[in-house]
Amino acid sequence: MDFVELVIDGPIAVDRDDLEDELNNALLGRGEVTGAGTSERGTHLDIDILATADRRAVLNAIFGVLAALELGDSVRVRPGNGQTWLRPSEWQPS
């Protein structure tokens with residue numbers, strides 16, 4: 001996994017910049033938010049992940065931020081280049 005895509009497709013009670021900052025803090029040394037944009041489908045964040053980073057730990061950190069900010073299922077995450085999207089309620093932390 002070299003990237004994670006995050007889409008905000010529902011209402012959230014925090015500013016997108018605050019979400020980016022929290023993700024960058026949680027991923028320090030493993031990855032960072034490198035792009036963001038808004039379309040008719042919602043807002044997206046591109047997160048580049050170091051190839052040497054532990055995939056499960058990265059996803060635990062991302063979903064941990066989403067839980068701490070209480071974003072609920074207004075966000076979905078697609079790890080890597082797969083077709084599977086995960087909502088926070090579907091994530092099983094390790």
Interatomic distance, [X] atom [atom1] to [Y] atom [atom2] [nearest 0.5 angstrom]:
X: Glu32; Y: Ile49; atom1: CD; atom2: CD1; result: 9.5 Å
X: Leu66; Y: Leu19; atom1: CG; atom2: CG; result: 6.5 Å
X: Leu23; Y: Leu28; atom1: CG; atom2: CG; result: 12.5 Å
X: His44; Y: Thr38; atom1: NE2; atom2: OG1; result: 8.0 Å

Would you say Glu70 has more than 12 foreign heavy atoms packed within less than 6.0 Å of its CD?
-> no

Any chain of hydrophobic side-chain contacts (each under 4.5 Å) joining Ile12 to Val7?
-> no

With side chain to side chain contact (heavy atoms under 4.5 Å, CB included) as the test, would you mind laying out the steps for Arg87 and Asp9 before giving the verdict?
-> CA-CA 11 Å; Arg87 300 279 180 181; Asp9 56 5; 2.8 Å; yes

Is any side-chain heavy atom of [Y] closer than 4.5 Å to one of [X]?
X: Trp85; Y: Glu5; value: yes
X: Thr43; Y: Leu6; value: no
X: Arg16; Y: Leu45; value: yes
X: Glu22; Y: Leu69; value: yes
X: Asp48; Y: Asp2; value: no

Take Asp21 and Val33 through the test side chain to side chain contact (heavy atoms under 4.5 Å, CB included) and record every step on the way to the result.
-> CA-CA 8 Å; Asp21 290 344; Val33 177; over 6 Å; no

Which atom names give the shortest non-hydrogen contact between [X] and [Y], and what distance separates them?
X: Ala61; Y: Ala26; result: CB-O, 4.0 Å
X: Val4; Y: Pro79; result: CG2-CA, 4.3 Å
X: Pro88; Y: Gly72; result: CG-O, 3.1 Å

Which of these passes side chain to side chain contact (heavy atoms under 4.5 Å, CB included) with Leu27: Val65, Ile62, Leu50?
-> Ile62

Examine distances only and state if a side-chain atom of Asp73 and a backbone atom of Ser89 form a donor-acceptor pair shorter than 3.5 Å.
-> yes

Working for side chain to side chain contact (heavy atoms under 4.5 Å, CB included), residues Leu59 and Trp91 = CA-CA 9 Å; Leu59 292 173; Trp91 179 249; 3.5 Å; yes

